[in-house]
Amino acid sequence: MRAEPRGRRTQWLRGVLDLAVLALLAETGEDYGYTLLQRLAKAGLPDVQAGTLYPLLNRLAADGLVRAEWRAGAGGPGRKFFALTDEGRTALTERGAEWTDFARNAVALVERGMRA
């Protein structure tokens, strides 16, 4: 079987990236972009680029799901930290449940097809 085009993984990622970022922030309380990229890669989502993540973080902030705060760096440049808001936690809980239902159904369907 030939290799799957990268575009398909990008499509899958678009469907879950906002929830994945909210979930990572729920785990740590706050984080900055570069570390979020590393954590996404470690979680099995290595294809996320900074040019995708930072606009997403800004959209989440504009929607009130995360708050952003610039902090001076210790001996280096400042960093913009992001933290989940109460509204973000609610969105993660509600949309996360919808996503896991959807993903569970999609996985079951694909697995049935693979066994047929």
Side-chain angles (χ1 to χ4, degrees):
M1 178 176 218
R2 71 183 175 103
E4 188 65 39
R6 184 180 179 139
R8 182 169 312 271
R9 287 183 60 91
T10 300
Q11 289 174 338
W12 295 341
L13 192 55
R14 275 191 203 128
V16 72
L17 186 56
D18 60 339
L19 289 173
V21 169
L22 293 176
L24 289 175
L25 291 173
E27 288 178 346
T28 60
E30 67 179 12
D31 223 328
Y32 58 96
Y34 180 74
T35 304
L36 285 168
L37 286 171
Q38 292 177 319
R39 293 178 62 215
L40 285 164
K42 187 175 180 180
L45 304 174
D47 298 330
V48 180
Q49 303 296 314
T52 300
L53 179 64
Y54 288 104
L56 171 70
L57 287 166
N58 289 329
R59 279 193 304 277
L60 292 173
D63 291 345
L65 302 180
V66 301
R67 68 177 182 282
E69 178 185 332
W70 277 102
R71 295 188 194 151
R79 292 188 173 133
K80 193 174 191 179
F81 281 80
F82 297 89
L84 204 58
T85 63
D86 289 341
E87 188 176 343
R89 186 166 300 283
T90 299
L92 174 60
T93 300
E94 292 172 358
R95 295 179 197 166
E98 292 171 7
W99 170 257
T100 54
D101 258 2
F102 173 81
R104 191 177 305 113
N105 291 334
V107 166
L109 176 60
V110 171
E111 286 177 342
R112 282 196 330 254
M114 290 169 39
R115 286 189 301 267

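Only this structure's heavy atoms are used, side chains among them; waters, hydrogens and symmetry mates stay out.
Residues Ala20 and Leu40 come closest through the heavy atom pair CB-CD2, 4.0 Å. Closest heavy-atom contact between Ala83 and Gly29: CB-O, 3.3 Å. Taking every heavy atom of both residues into account, Ala26 and Leu92 meet most closely at CB-CD2, 3.8 Å. A pairwise comparison of heavy atoms in Ala91 and Leu65 identifies CB-CD2, 3.9 Å as the closest pair. Closest approach of Arg9 to Pro46, counting heavy atoms only: NH2-CD, 4.0 Å.
Residues in residues 87-116 take part in these ring pair (Phe, Tyr, Trp, His ring centres under 6.0 Å) pairs, two or more places apart or across chains: Trp99-Phe102. Note on residues 75-93: pairs passing side-chain hydrogen bond (donor to acceptor under 3.5 Å, both in side chains), not counting sequence neighbours, are Tyr32-Arg79, Asn58-Lys80. Among pairs with a residue in residues 105-115, none fulfils salt bridge (charged side-chain N to carboxylate O under 4.0 Å, His left out), at least two apart in sequence or across chains.
At least one side-chain heavy atom of Leu36 sits less than 4.5 Å from a side-chain heavy atom of Leu25. Between Asp47 and Thr10, every side-chain heavy-atom pair lies at or beyond the 4.5 Å cut-off.
Residues meeting the side-chain hydrogen bond (donor to acceptor under 3.5 Å, both in side chains) test with Asp31, sequence neighbours left out: Arg39. Take Thr100 and apply the side chain to side chain contact (heavy atoms under 4.5 Å, CB included) test, not counting sequence neighbours, and it matches Arg104. Looking at residues two or more places apart in sequence or on another chain, you find a side-chain hydrogen bond (donor to acceptor under 3.5 Å, both in side chains) between Tyr34 and Gln38.
Under a 4.5 Å side-chain heavy-atom criterion applied to ILVMFWY residues, the cluster that includes Met114 comprises Val110 as well. Listed by chain and number, the hydrophobic cluster partners of Leu109 come to none, as no ILVMFWY side chain reaches under 4.5 Å of it.
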Under 3.5 Å donor-acceptor pairs involving side-chain atoms of residues 66-78, not counting sequence neighbours:
residue, atom, partner, partner atom, Å
Glu69, OE2, Arg71, NE, 3.3
Arg71, NH1, Glu30, OE2, 2.9
Arg71, NH2, Glu30, OE1, 2.7
Arg71, NH2, Glu30, OE2, 3.3

| task | Determine, step by step, whether Leu24 and Thr35 satisfy the side-chain contact (heavy atoms from CB on, under 4.5 Å) criterion, reporting the C-alpha distance in whole Å, the side-chain angles of both residues, the deciding distance to 0.1 Å, and the verdict. | result | CA-CA 10 Å; Leu24 289 175; Thr35 304; over 6 Å; no
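The CZ atom of Arg59 sits 8.5 Å away from the CG atom of Asp18 when rounded to the nearest 0.5 Å.
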